[in-house]
Amino acid sequence: MTDARLDLAEALAALPAWRADDGPREALVRRLVFADFNAAFGFMTRVALLADKMDHHPEWSNVYNRVDVLLTTHDADGVTRRDVEMARFIDQVAEAMGAGA
Ligand SMILES: C[C@H](O)[C@H](O)[C@H]1CNC2=NC(N)=NC(=O)C2=N1
């Protein structure tokens, strides 16, 4: 069953490092800046393992040391607890790897 869509403002209030995407979809976005490509790709590898386990995948792009992440749930047309869970994990990994914004 599809998770319920959460109120975006409420979800964002609990995730200070994230903001609402400017695009047409309700989505959480965060830019992360690492020391170098190696750290950025290491971060993506760790997140990819959880994404695979959760069957919930970030939309993201990487340029050298920068990773731009967008989280949304297609079936729910917005943000669900799965996006919030993923965002929290990303925050933990980013913190552990010394990422900036
Ligand atoms: C069929 C499969 O479970 C779905 O397409 C999943 C895969 N990964 C996903 N990832 C994200 N971020 N949102 C989704 O709605 C989504 N749906």
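Residue numbers start at 1 and run along the sequence shown. Counting starts at 1 for both ligands and their atoms, in listed order. Any value given below was found using the heavy atoms of this structure, including those in side chains, with hydrogens, waters and symmetry copies removed.
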Inset, instruction - Starting from atom 8 (N) of ligand 1, locate the nearest protein heavy atom and write down its residue, its atom name and how far away it is, to 0.1 Å. - result: His57 ND1, 2.8 Å
Legend entry - Protein contact of atom 17 (N) of ligand 1 - nearest heavy atom, named by residue and atom, plus distance: His74 ND1, 4.1 Å
Inset, instruction - Return a yes/no value: protein heavy atom under 4.0 Å from atom 15 (O) of ligand 1? - result: yes
Inset, instruction - Taking atom 1 (C) of ligand 1 as the reference point, report whether a protein heavy atom occurs under 4.0 Å from it. - result: no
Inset, instruction - Could you find the nearest protein heavy atom to atom 13 (N) of ligand 1 and give me its residue, atom name and distance? - result: Thr72 O, 3.0 Å
Side-chain donor-acceptor pairs under 3.5 Å in residues 89-101, sequence neighbours left out?
residue, atom, partner, partner atom, Å
Asp91, OD1, Trp18, NE1, 2.8
Asp91, OD1, Arg30, NH1, 2.7
Asp91, OD2, Trp18, NE1, 3.4

Inset, instruction - Flag atom 4 (C) of ligand 1 as yes if some protein heavy-atom distance to it falls below 4.0 Å, otherwise no. - result: no
Inset, instruction - Can you spot which of Leu28, Thr72, Val67, Leu71 makes a side chain to side chain contact (heavy atoms under 4.5 Å, CB included) with Pro58? - result: Leu71
Legend entry - ring-ring contact (aromatic ring centres under 6.0 Å, His included) involving Phe41 - partner list, sequence neighbours excluded: Phe37
Inset, instruction - Check if Leu71 has a non-hydrogen atom at a distance under 4.0 Å from any atom of ligand 1. - result: no
Legend entry - Identity and separation of the nearest protein heavy atom to atom 6 (C) of ligand 1: Asp55 O, 3.9 Å
Legend entry - ILVMFWY cluster, Val79 and Leu70 together (side-chain gap under 4.5 Å): no
Legend entry - Atom pair OG1 (Thr73) and CD (Glu26), whose distance is rounded to the nearest 0.5 Å: 11.0 Å
Inset, instruction - Find all atoms of ligand 1 within a distance of less than 4.0 Å from any non-hydrogen atom belonging to Thr73, and give their numbers and elements. - result: 13 (N), 15 (O)
Inset, instruction - Please answer whether the main-chain N or O of Ala11 pairs with a side-chain N or O of Asp7 as donor and acceptor at a distance below 3.5 Å. - result: no
Inset, instruction - Would you tell me whether Asp83 and His56 have side-chain atoms, one donor and one acceptor, within less than 3.5 Å of each other? - result: yes
